[in-house]
Each structure stands twice: as structure tokens, then as C-alpha cells.
Enquirer: 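Before we start, here is the structure in question, set down as C-alpha cells.
As the structure lists them, so they are numbered: ligands from 1, and atoms in each ligand from 1. Keep in mind it's a predicted model, so treat the numbers as computed, not measured.
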Amino acid sequence: MKVILPAVVICFSLIPACSAVLPLVINTWPFKDATAKAWSTLHSGGSVLDAVEKGCTQCEIQQCDGSVGYGGSPDETGETTLDAMIMNGDTMEVGAVGDLRRIKNAIGVARTVMERSKHTFLVGESASVFAENMGFSAEDLSTNQSRNIFSKWLNENCQPNFRQRVSPDPTKSCGPYKPSATLLEQRRRDQTIDIHGHDTIGMIVINQAGQVAAGTSTNGARHKVPGRVGDSPIAGAGAYADSTVGGAAATGDGDIMMRFLPSYLAVEQMRAGIDPSTACRTAITRIKKYFPGFFGAIVCANTTGSYGAACNKLPEFSKFPFMVFNKNSNGPIKETVDCI
Ligand code: SD4
């Protein structure tokens with residue numbers, strides 16, 4: 001039986017087990033139109049999957065912070081590629097795409113993978129061909145903005161980039177790079193991440209009946225090596241949903257975060273009866289132990305409607321904003337959590 005906790009209108013996430021009534025929409029970053037879109041989708045009779053898909057699609061259309069959708073995070077060749085996933089917490093089905101080219105609606109393709117194939121995760125050019133075959137239109141994902149980001153990067157000797165242990169010195173050159181024994185430990189990945197342009201949308205939706213869905217959509221990391229797929233489309237890393245427990249969704253340096261499956265860890269913590277704020281903190285603390293300088297945050301919610309968030313504190317990042325919409329909100333409400 002589901003327990004609905006008493007409603008509170010203002011719910012500060014510093015309070016453990018911050019509670020609210022269902023339905024609930026919660027997402028990373030202050031992407032309020034996405035939150036509102038998910039809510040209105042639920043309100044008009046849509047499922048939790050519909051709400052996650054429409055909410056994240058809204059961000060893809062609006063190119064939220066330049067980190068979601070087309071025209072952001074050009075890779076080393078200047079191309080924008082997308083990662084997305086969606087998870088059904090009732091059936092534990094997942095659909096995901098990584099390194100998706102030419103298709104704007106990445107989370108739509110992820111849902112199509114889930115519902116129109118027996119696969120879970122498609123990547124690269126083949127994922128794009130699948131999407132085209134399924135009726136998604138192919139478009140150029142570059143914009144003037146992404147072209148400008150790319151040419152500025154070229155003019156600055158391709159800095160920053162994601163190479164290490166190569167010659168010539170990757171802190172000063174555009175390559176082409178070769179393996180090098182002399183440049184070991186040249187760069188510490190966890191200390192060179194650019195926190196700007198790292199604003200993936202990760203969303204959890206729980207309806208009145210306690211059904212949970214979660215999803216993500218992102219254009220990944222700026223100047224990534226072509227072929228790179230981040231944490232966002234990986235179940236348990238970018239997001240996780242289980243209608244017997246709740247959901248979690250993460251954002252940040254996916255190259256590090258995916259190694260720890262933080263969304264899965266947080267859901268498992270909640271399964272053990274831990275409140276969402278503490279579950280989120282545990283997931284962040286686990287990563288921080290190995291990578292104290294990593295950039296990342298996570299939102300968590302359980303099927304009572306309680307929710308929380310956590311982030312890793314850096315000199316330039318001490319609070320993490322996220323959006324919440326629940327039955328007692330008049331609209332999407334921005335909350336923040338102090339990082340640990
Ligand atoms: C990635 N996690 O591809 C994504 C980027 C991101 O918030 O979250 N940004 O690494």
C-alpha cells in the first residue's frame with residue numbers, strides 16, 4: 001500500500017526526507033518549461049513515460065543551456081551528437097541511444113528503441129539509421145553557435161580536450177595524437193572538467209498511482225572524442241526507475257559518474273528505506289571518495305512523493321538547482337541544495 005505523506009507547499013531539500021504529495025515531477029537544473037511540460041502531459045491523461053518523454057523533448061527543442069538537444073557540445077570534428085534514455089519503472093524496460101547523429105529528438109528515439117525493438121541501447125550511425133527508418137527526420141544538428149564554439153576551440157589549439165598520455169602535448173595542440181610513455185599522468189581528468197555546458201536534463205515522474213519513469217537527454221561533453229558516450233543513456237548511471245521504490249537521475253561529468261552507477265545506487269538505498277536526500281548524498285559521496293574534484297549532482301524521489309538532491313562541492317559550484325512540480329505547486333518550483 002502506498003503511503004501519501006502530508007503535503008507541504010514549500011519543501012526545502014536540506015531537510016532529509018523532504019515530503020510532498022503525488023504526482024511528482026522532478027528534474028535536474030532550472031529547466032522549468034520541461035517540468036511544466038511533463039506536468040501538463042500527466043495532467044492531460046498521459047502516462048509517466050509520456051511525461052518524461054515530452055518533458056525532456058521540451059528541453060531538446062529549447063536547447064536547454066546549450067547542453068541538451070541540437071547545436072551544443074560540438075565534438076572534436078565539430079559535430080553535435082546526442083545521448084538519451086528512458087526507463088519504465090513498472091516493467092524495468094529501458095530504451096537508450098548514444099552518439100546519435102542527425103536526429104533532434106533523442107529521447108523520442110530512445111523510447112522507440114524501447115517500444116519498437118527488443119533491444120535496449122543503440123549507438124552511433126546505426127542508431128540514426130534506425131531512427132530514420134522509424135520515421136524520425138534527419139537534420140543537421142549544427143548551428144551557428146556550435147560552429148562558433150568549434151572554431152574558437154580550433155583557434156585556441158583545441159583546448160580543452162580529452163586526451164592524455166599522448167604526444168604531442170595535448171594541452172597545447174590539435175594532434176593528430178599518438179600514444180606516449182613520457183606523458184603519463186599529464187592530465188588529471190577529474191580536475192580538468194569544464195563545469196559549464198554540463199547541464200543534462202534528467203527527469204523523474206511519479207504519478208498518483210506511484211508509477212515511476214525516468215529519463216535523460218544531453219549532447220554530452222563539449223569537444224569530446226568522436227564516439228564518446230556519456231553516463232546519461234546508461235541505465236543506473238544517468239537515470240533509474242523502479243515503481244516499487246522510486247527513481248533517480250544524474251548530471252555532471254559522465255566519464256567519471258558512469259563508473260559508479262549513482263542512480264542505481266540511490267534507488268537501492270531508497271529500497272533499503274533510506275530517505276531520498278540521504279540516498280542522493282550517498283551516491284555523490286561514493287564518487288567523491290575516488291574523484292574529489294568531480295563535477296556532478298543527482299536528484300532522487302521515492303513513491304511516497306519524498307524527494308531530495310545532492311551535488312559535489314567545487315570552488316565554482318556550491319549549490320545545485322533543480323525543479324519540482326507536485327500536487328500542491330501552482331507551477332514548477334526551483335529549489336537548490338547545498339553541495340557536499
Ligand atoms: C555527460 N552527464 O555526457 C553528461 C553531461 C551532463 O550535466 O550531465 N551534463 O557526461
Enquirer: Would you say Ser67 touches ligand 1, if touching means a heavy atom closer than 4.0 Å?
Expert: no
Enquirer: Please check whether Gly254 reaches ligand 1 - meaning an N/O of the residue sits under 3.5 Å from an N/O of the ligand, judged on distance alone.
Expert: yes
Enquirer: Answer with side chain, backbone, both or neither: which part of Asp199 has a heavy atom less than 4.0 angstrom from an atom of ligand 1?
Expert: backbone
Enquirer: Should Leu82 and Val97 be marked as a side chain to side chain contact (heavy atoms under 4.5 Å, CB included) after you check the CA-CA gap, both sets of side-chain angles, and the distance that decides it?
Expert: CA-CA 8 Å; Leu82 307 178; Val97 285; over 6 Å; no
Enquirer: For atom 1 (C) of ligand 1, state which one of Thr218, Ile234, Asp231 supplies the nearest heavy atom.
Expert: Asp231
Enquirer: Which ligand 1 atoms are under 4.0 Å away from a heavy-atom of Ser232?
Expert: 2 (N), 4 (C)
Enquirer: Do Phe130 and Phe136 have their ring centres less than 6.0 Å from each other?
Expert: no
Enquirer: Should you measure from each heavy atom of Gly252, which atoms of ligand 1 turn up under 4.0 Å away?
Expert: 1 (C), 2 (N), 4 (C), 5 (C), 6 (C), 7 (O), 8 (O), 9 (N), 10 (O)
Enquirer: Kindly give the heavy-atom pair with the smallest separation between Cys56 and Ile107, and that separation in Å.
Expert: CB-CD1, 3.7 Å
Enquirer: Answer yes or no: is there an ion pair linking Arg228 with Asp255, defined by an N-O contact shorter than 4.0 Å?
Expert: yes
Enquirer: Kindly confirm or rule out an N or O of Thr200 lying under 3.5 angstrom from an N or O of ligand 1.
Expert: yes
Enquirer: Is there a heavy atom in Arg228 that sits closer than 4.0 Å to ligand 1?
Expert: yes
Enquirer: Does a side chain donor of either Glu76 or Asn161 reach within less than 3.5 Å of an acceptor in the other side chain?
Expert: no
Enquirer: Classify the angle between the aromatic ring planes of His223 and Trp153 as parallel (below 30°), tilted (30 to 60°) or perpendicular (above 60°).
Expert: parallel
